[in-house]
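Only heavy atoms go into these numbers, but all of them, side chains included; no hydrogens, no water, no symmetry mates.
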Amino acid sequence: MSQASTELDRRFALETVAVLRAWDNVDGLFADYVQEAFRDYLAAQSRFVAIDATKVNSVLSSSKIPYGQLIEDPKILLQASRTLKAETLVRTRVYKENSNYRFQVDWLLAPQMEILSSDTFRLEQPAPGKSFGVEELQTRLQQSLDRVIRKIPIQGHVTGRDQDSVTVNLGRSSGIRRGDTLKIGTLEEVKRHPLLKTVVDWRFDPTGEARVESVEDALSFAKILQENDRRPIARYQKIVTIIKAEEDSKVEVLTGEEAKARELRQSPKNGWFDGTLWIGSFKRDYSSSPTSGKSGSGFLIGAKAEGQLWLTREWFTEMTLAGATSGYSQKDTATGVATASSGVSASLVRFKLGGGYTFFSTPDLFGPRGWIKGGFQTTSYRLPLSAAEETSSNSVKGLFLGVGGALPLREPFGLLLNLDFGILTSASDDNPAAASISGASSVNFYIGGYYRLDQRMTLKAGFEILSQGADYASGAGFSQKVITFGPSLVYYF
C-alpha cells in the first residue's frame, strides 16, 4: 500500500465531531434548537465521538467580533478544533429570507477547514400568533445532518486487525447486523474545488471484503472473506459499501473450535499482564562529605511482571513486581582508587500497587490514550554491610503519582511513555552506625515502543530508568540508579 493512501486513510478517519453554536440573522432564535437536535442525533449513534463545545461556543459568542464573521474565519475555526481536539466541526447558519428560513449545515474538516459536505433546507415562517413546532423543527434538523453525513461515501472505518478478523467502528446504532458484508477500500485521492475549498470527489482502491460476525453497541467484528494481496486490509481503511444480509443469514451454526476462535478475536475486557526481561546497569554513589565518598556500578539482570485489572473501561488497578541482581565494584571518589568491595553482589526487589484512570480519544481500545495514576511503591536494595566500604542495604518507599500515554504511529506500531514521581517518600538503612535519614526521593521513567500482534498479544521494548536517593541528617547521602532495556510480551484478557 502506498504511503500517500495510508496517510489519507488516517487523515479522513472522521472520528470526532464538535457542534458549533448556530448563527442566524434573527437574534439567535434557532441556536438552542439546533444544539439540542444535533446533540440528540450524535448521542444515538456509535460512529462519531461527540465533543462538548460549550466553552468554545461561549467564548466565540461573547467576542466583540460578530459571531457570524468568526465562524467563517478558517483560522478561528482551526483554533477552535485544536482547543476541542475535534477532527470535524458542524457549522449551521440560518437566514430569514422574506417568509422563509433557509438552513445551511456544513461539515468541516480540520486543519484546512475544508467543507466535506453541506445540506440546505427551508422552513415556512409560521402564521401570525403561531410558533415553530419544536419536534418538527428538530426532526428536520436531524434529517439534514443525516444527509450531510450520508453524502460522504464513507460508512465507517477499520479500527483494528487480528489475523483474519477486523474490528470496525460501526455498532448496533449504525444499523449493522450479523451477516452483513462490508466492502473495504483505501483512499487514493480526494479532489477539492480550487476556489470553494469543498471536497468534490473521492477515489477509493478496493482492498477486500469482510462479513460481520459479532455486533456490539459501539463496534463490530468481521471475518475477512477476501483481500488484495498487494494492498491488504489495514487500520483506518474505509467501509465503502455495506451489503445487507438476508434474514436467513442471521442464523449461524458454529463448531466448538469456530466459537472459541471468535471469542479470542473479540476485544479484551478485563485487563492485561506482561513479563519483562531487565538488562542494564546498577549505579550507586555515596557521599560521606562534600569531598569524599564512594562510587560504584555493575551489570544488572532481572525480570519484571506487571498487570492491570480494568474495573471499568476507564478505571483500573495496577500492580508491579520486579527483582534483579547485579555485580558491584566501586572506587573512592577522592582518589579514584578501587576499593576492596570489587566483585561483590547487589540485588533489588521492587513492588508497586496503585490505580488510575485512562483517557481515550477514540472508541478504539488500542487508539491514542493517556492515563493518570497513583499508589504505593517500595524498592529494597541489598549490599554487603561494611563501614569501611560505606555500603549497606536500604529501602526507599512511599506514595507516587504518575502520568503516561500510548500513541499509535502506524498500525501495528506505537509509542509508550510513563513517568512516576514519588511523593511522601521515606528511606531506611540497615547500617546501625548511620545517622537518621532526613529526606528521600524516587523517580521512575519509561519510554518504548510496541508492535501489536493481534487483539490479545503485543510485543513491546523500551528503556526504563529508576532513580532513588536519600540524605542523612549528618550531611551524607546516597543515590542509586538502575537503567535497563528490556523486551516484554503483553497478554490482554
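Listed for the Ser62 side chain is a donor-acceptor partner under 3.5 Å among the backbone atoms of Val59.
Considering OH of Tyr491 and CG of Leu453, their distance stands at 13.0 Å, rounded to 0.5 Å. Here the CG atom belonging to Leu225 is positioned 6.5 Å from the CD atom belonging to Glu209, to the nearest 0.5 angstrom. Atom-to-atom distance recorded for Gln308:CD and Asp274:CG is 9.5 Å, nearest 0.5 angstrom. In this structure, Ser144 OG and Phe38 CZ are separated by 6.0 Å, a value rounded to the nearest 0.5 Å. With rounding to the nearest 0.5 Å, the separation of OG1 in Thr88 from CD1 in Ile152 is 10.0 Å. Between the CE atom in Met319 and the CG atom in Leu353 there is a gap of 7.0 Å [rounded to 0.5 Å].
Ion pairing of Glu188 with Arg231 is present here, as a side-chain N (NZ or NE/NH1/NH2) and a carboxylate O approach within less than 4.0 Å. For Arg93 and Glu72, the salt-bridge test passes: some basic side-chain N is under 4.0 Å from an acidic carboxylate O. Salt bridge Asp162/Arg452: absent, no basic N to carboxylate O contact under 4.0 Å. The pair Arg122-Glu124 fails the salt-bridge criterion, with no side-chain N (NZ, NE, NH1 or NH2) lying under 4.0 Å from an Asp/Glu carboxylate O. Taking a cutoff of 4.0 Å between a charged side-chain nitrogen and a carboxylate oxygen, Glu216 and Lys269 qualify as a salt bridge.
Within the 4.5 Å cutoff, no side-chain heavy atoms of Asn270 are placed close to those of Trp310. The closest side-chain heavy-atom distance from Tyr451 to Lys460 is not below 4.5 Å. Counting heavy atoms from C-beta outward, Leu407 and Leu416 have side chains that stay 4.5 Å or more apart. The side-chain heavy atoms of Arg140 and Phe121, taken from C-beta on, include a pair separated by under 4.5 Å. Taking the side chain as every heavy atom from C-beta outward, Val190 and Arg203 never approach each other to under 4.5 Å. Side-chain contact between Ile239 and Ile184 is present, with at least one heavy-atom pair separated by less than 4.5 Å.
Within a 6.0 Å sphere centred on CZ of Arg82, other residues, nucleotides and ligands contribute 12 heavy atoms or fewer.
Annotation: side chain to side chain contact (heavy atoms under 4.5 Å, CB included) contacts of Tyr357 (sequence neighbours excluded): Glu314, Trp315, Phe359, Ile372. Annotation: salt bridge (charged side-chain N to carboxylate O under 4.0 Å, His left out) contacts of Arg147 (sequence neighbours excluded): Asp119. Remark: Lys191 engages no residue in a salt bridge (charged side-chain N to carboxylate O under 4.0 Å, His left out) (not counting sequence neighbours). Partners of Thr139 under the side chain to side chain donor-acceptor pair (under 3.5 Å) rule, at least two apart in sequence or in another chain, do not exist in this structure.
Relative to the ring axis of Phe360, Arg313 places its NZ or CZ within 45° and under 6.0 Å from the centre. A cation-pi contact, defined as under 6.0 Å to the ring centre and within 45° of the axis, links Lys352 to Phe400.
Note on residues 36-55: no pairs pass salt bridge (Lys or Arg N to Asp or Glu O under 4.0 Å), not counting sequence neighbours. For residues 20-29, the salt bridge (Lys or Arg N to Asp or Glu O under 4.0 Å) pairs, not counting sequence neighbours, are Arg21-Asp32.
Proximity of the aromatic rings of Tyr492 and Phe366 is defined here by a centroid distance below 6.0 angstrom, and this criterion is met. Outside the 6.0 Å centre-distance limit, the rings of Tyr95 and Tyr101 are not counted as a close aromatic pair. When ring centroids are compared, Phe12 and Trp202 come within the 6.0 Å threshold.
Classified by interplanar angle (parallel below 30°, tilted 30° to 60°, perpendicular above 60°), the ring pair Trp107/Phe48 is perpendicular.
The two residues Ser220 and Val215 come nearest to each other via the heavy atoms OG-CG1, 3.7 Å.
No donor-acceptor contact under 3.5 angstrom links the side chains of Gln377 and Asp420, judged on distance only.
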